[in-house]
> 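Structure below; questions to follow.
Just so you know, ligand 1 is whichever comes first in the structure, and atom 1 is the first atom listed for that ligand. Just the heavy atoms: all of them, side chains too, but no hydrogens, waters or symmetry mates, feed the values below.
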Amino acid sequence: IEQAAFQNDKLAMLGKIAAAIAHEIRNPLTSIRGFIQLLNPFLKNIGKEEYGRIILSEIDRANDIIYEFLNSSKPSAPMKQKVLVGLLLKETTMLSESEALMNGCEIHNEIFDPYLTIAVDVKQIKQVFLNIIKNAMDAIHEKQDGRKGRIDITARLEGKYALISIKDNGKGMQRATLSRLFDPFFTTKEEGTGLGLSVSYRIIRNHGGTIHVDSQLNEGTEFLIYLPYVE
Ligand code: ADP
């Protein structure tokens, strides 16, 4: 246990340093972005506007990574409050609904126990659900086999835990992907940061919970999130 505590201290320290550096990198990035935009007319004149577009989108990508990283390395002692799982899931689903509609996929929400309660940092846990739902939509979007995209969200009591399942009928995963899923910066997407799931994993672990994943290539993926249940 002592070893673990020491590791945690070290991690917290590293997180602080990294967050400070990330913060400092954002300022020069912002000015580079501004000047590239000023150069745009020039690039257009010499027929190289494509270069400007690439530079801008790469700067934006770097900024996204820093933004997510800063979010994930903030002091992460959860501010816990008691909430109904059903309510939390409903609110999160609502936030994803318009994007789901654009992706042509349906989100189904079924809560088997309306009084199922957990004590969590609402903001952090919502972020976890949103990350997983977003990934599900991406997996559905990338599949494109004409089958209607569908995400099923359920919650029930399982022993001492509230078990939340988020299941999609998207493209599924190869075994190699499955084994690296939670590694920071691991991504198979052109525009991905590979931070969503590593951050989610850490948040759930900080809450005394776990995440399991089941996936079948070309069939779909199910994320199972266990969070301690409270009376
Ligand atoms: P990102 O979404 O930026 O790539 P994540 O950490 O959220 O980063 O996800 C890492 C990788 O895990 C994704 O690039 C994708 O390959 C895989 N993945 C995550 N969720 C799913 C899913 N529901 N279906 C298929 N692949 C998934």
> Give a yes-or-no answer on whether the side chains of Thr193 and Asp64 include a donor-acceptor pair shorter than 3.5 Å.
no

> Which heavy atom of the protein is the closest neighbour of atom 10 (C) of ligand 1, given with residue, atom name and distance?
Phe186 O, 3.4 Å

> Taking atom CZ as the centre, does Phe112 end up with more than 12 heavy-atom neighbours from other residues, nucleotides or ligands that are less than 6.0 angstrom away?
yes

> Side-chain contact, heavy-atom cut-off 4.5 Å: Ile66 with Ile25?
yes

> For Thr193, take its heavy atoms, then give the atoms of ligand 1 lying under 4.0 Å from any of them.
3 (O)

> Should you measure from each heavy atom of Gly172, which atoms of ligand 1 turn up under 4.0 Å away?
25 (C)

> Number the atoms of ligand 1 from 1 as they appear, then name those within less than 4.0 Å of a heavy atom of Thr177, with their elements.
16 (O)

> Please determine whether any non-hydrogen atom of Gly194 lies less than 4.0 Å from an atom of ligand 1.
yes

> So with a 6.0 Å cut-off around CZ of Phe186, is the heavy-atom count from everything else above 12?
yes

> In the protein, what heavy atom is nearest to atom 14 (O) of ligand 1, and what distance, to one decimal place, separates them?
Thr188 N, 2.9 Å

> Do Glu106 and His108 have side-chain N/O donor and acceptor atoms under 3.5 Å apart?
yes

> Does any N or O of ligand 1 fall below 3.5 Å from an N or O anywhere on Thr187, backbone included?
yes

> What about Tyr201 and Phe182, are their ring centers closer than 6.0 Å?
yes

> Check whether any N or O atom of Ser198, backbone or side chain, sits under 3.5 Å from an N or O atom of ligand 1, and answer yes or no.
no

> Indicate whether the side chain of Ser165 and that of Glu222 have a donor and an acceptor atom separated by less than 3.5 Å.
yes

> Where is the nearest protein heavy atom to atom 24 (N) of ligand 1: which residue, which atom, and how far?
Ala139 CB, 3.2 Å

> Run down the list Met137, Glu142, Met173 and name the one with the heavy atom closest to atom 27 (C) of ligand 1.
Met173

> Is there a side-chain contact between Leu178 and Leu181 (heavy atoms, below 4.5 Å)?
yes

> Students should be able to answer this: which protein heavy-atom is nearest to atom 20 (N) of ligand 1, and at what distance?
Asn135 CB, 3.3 Å

> Measuring from atom 2 (O) of ligand 1, which candidate in Lys189, Gln174, Lys134 has the nearest non-hydrogen atom?
Lys189

> Heavy atom of Asp168 under 4.0 Å from ligand 1?
yes

> Taking 4.0 angstrom as the limit and counting only heavy atoms of Gly192, give me the atoms of ligand 1 inside it, by number and element.
3 (O)

> Which residue holds the protein heavy atom closest to atom 17 (C) of ligand 1, what is that atom called, and what is the gap in Å?
Leu181 CD1, 3.6 Å

> Using 4.0 Å as the upper bound for N to carboxylate O, is an ion pair formed by Asp138 and Lys189?
yes

> Starting from atom 6 (O) of ligand 1, find the nearest protein heavy-atom neighbour and note its residue, name and distance.
Leu197 N, 2.9 Å

> Are any of the side-chain heavy atoms of Lys90 and Ile111 separated by less than 4.5 Å?
no

